Amino acid sequence: MTPKTDLAAYYAHIRALLKEFGVECAELEARILIEDLWLNAQRNAGQKLGEPLKTLNEAIYSAEAAFIPDSIREKINQAIVRRAQGEPLARILGYREFWKDRFLISPATLEPRPDTEILIESVLKKFPIEPAEGLKFLDLGAGSGCILLSLLGEYPHSFGYGIDISPGALECARANADRLGCSARVEFICSNWCEKLSGDSKFDVIVSNPPYIPCAEIGDLARNVRDFDPILALDGGADGLDPYRELIGSLKQFLAPNGWVFFECGIGQAEKIAMMAKKSGAVEVEITKDLSGIERVVEISYGDK
Ligand code: GLN
């Protein structure tokens with residue numbers, strides 16, 4: 001079968017434009033723009049999961065796809081202009097893939113990153129079997145909800161609490177819970193860390209990817225982070241460790257016996273966090289590296305207390 005030249009040529013055109021604007025993975029991004037803003041636009045707008053995704057290759061070979069409406073060309077052009085100005089593709093599309101799902105993001109949420117998937121793996125290793133009564137999770141600084149909702153996906157009988165200080169982030173996290181069919185198993189709370197938790201709450205697993213960038217380094221971050229991730233999700237104070245300092249003392253109180261805390265952290269921070277944890281009475285502290293070999297997750301246990 002001959003490919004419909006219309007779409008094949010259009011794909012080549014978008015690819016060339018992106019390349020010209022210095023986009024590194026122009027081929028992939030051109031494909032994603034066409035698939036997400038056109039072929040699957042209705043599916044995405046309806047925010048429904050479950051319908052199969054249409055691919056560019058299929059469309060190139062199918063008769064129905066030969067004609068690209070002007071409104072779609074305009075939409076894709078606008079996306080390219082934003083991309084040319086350094087805006088990340090995920091911000092333009094309004095979602096990013098994380099672990100096994102697609103998560104909506106908003107200006108109030110951090111863009112989920114592959115490094116954070118290491119945290120999910122760490123939890124799975126420590127809790128390979130879900131007890132019949134399920135686990136209780138707490139996510140401090142839930143953002144888009146990507147960590148907590150991915151965990152609930154892995155542990156289908158468990159319940160999670162997600163805390164964030166930003167109402168905008170919580171709105172996004174709730175929308176993600178809805179999309180993923182998890183709403184009945186999650187509660188999102190607007191709070192400055194644990195302030196609004198009742199003192200006797202207990203969790204088997206506490207996860208957090210807190211803001212950990214030293215504030216003097218924020219100006220030097222890559223543009224896609226500095227200009228597009230919310231500052232509240234990045235700024236960890238003078239040395240980036242303020243959130244850990246603030247949290248570590250109180251987490252023991254909220255851990256169920258044999259529970260674990262899983263912290264994501266930045267380059268060079270893991271040992272310092274491990275020291276803080278030991279000082280606070282932790283009986284076991286482990287560090288897991290990410291795929292680049294950077295110490296990325298600190299795992300803390302206070303035993304059966
Ligand atoms: N928990 C969210 C994430 O990992 C948000 C983290 C943050 O805003 N610092 O993406």
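Counting starts at 1 for both ligands and their atoms, following the listed order. All of these numbers come straight from a predicted model, not from anything done at the bench. Starting from 1, each residue takes its place in the sequence as its number. As a basis for the values below, the full set of heavy atoms in this structure was taken, side chains included, without hydrogen atoms, waters or symmetry mates.
Among I80, I34, V23, I92, the one residue that satisfies the side chain to side chain contact (heavy atoms under 4.5 Å, CB included) test with E29 is V23.
When each atom of ligand 1 is checked for a heavy atom of T116 under 4.0 Å away, the hits are 4 (O). Close contacts of ligand 1 with I147, meaning ligand atoms under 4.0 Å from a residue heavy atom, involve 1 (N), 4 (O).
Looking at atom 8 (O) of ligand 1, its nearest protein heavy atom turns out to be A233 CB, 3.1 Å. In this structure, the protein non-hydrogen atom closest to atom 1 (N) of ligand 1 is G141 O, 3.0 Å. With hydrogens left out, the protein atom closest to atom 10 (O) of ligand 1 is C146 SG, 3.4 Å, a heavy atom.
Using 4.0 Å as the threshold, S144 has no heavy atom nearer than that to any atom of ligand 1.
In terms of modelled atom types and a separation under 3.5 Å, the side chain of E130 and the main chain of S158 share a donor-acceptor contact. Side-chain atoms of R223 come within 3.5 Å of backbone atoms of Q85 as a donor-acceptor pair (strictly under, hydrogens ignored).
Residue contacts with ligand 1 for A142 involve N, CA, C or O but no side-chain atom from C-beta outward (heavy atoms, distance under 4.0 Å). If you look at N209 next to ligand 1, the close heavy atoms, those under 4.0 Å, come from the backbone and the side chain alike.
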Donor-acceptor list for residues 211-220 side chains, cut-off 3.5 Å, not counting sequence neighbours:
{"residue": "Y212", "atom": "OH", "partner": "E264", "partner atom": "OE2", "Å": "2.8"}
{"residue": "Y212", "atom": "OH", "partner": "R296", "partner atom": "NH1", "Å": "3.2"}

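Cluster note: I165 groups with L232 through ILVMFWY side-chain heavy atoms spaced under 4.5 Å, whether in direct contact or through intervening members.
Taking 4.0 Å as the cut-off between side-chain N and carboxylate O, D101 and R96 do not count as a salt-bridged pair.
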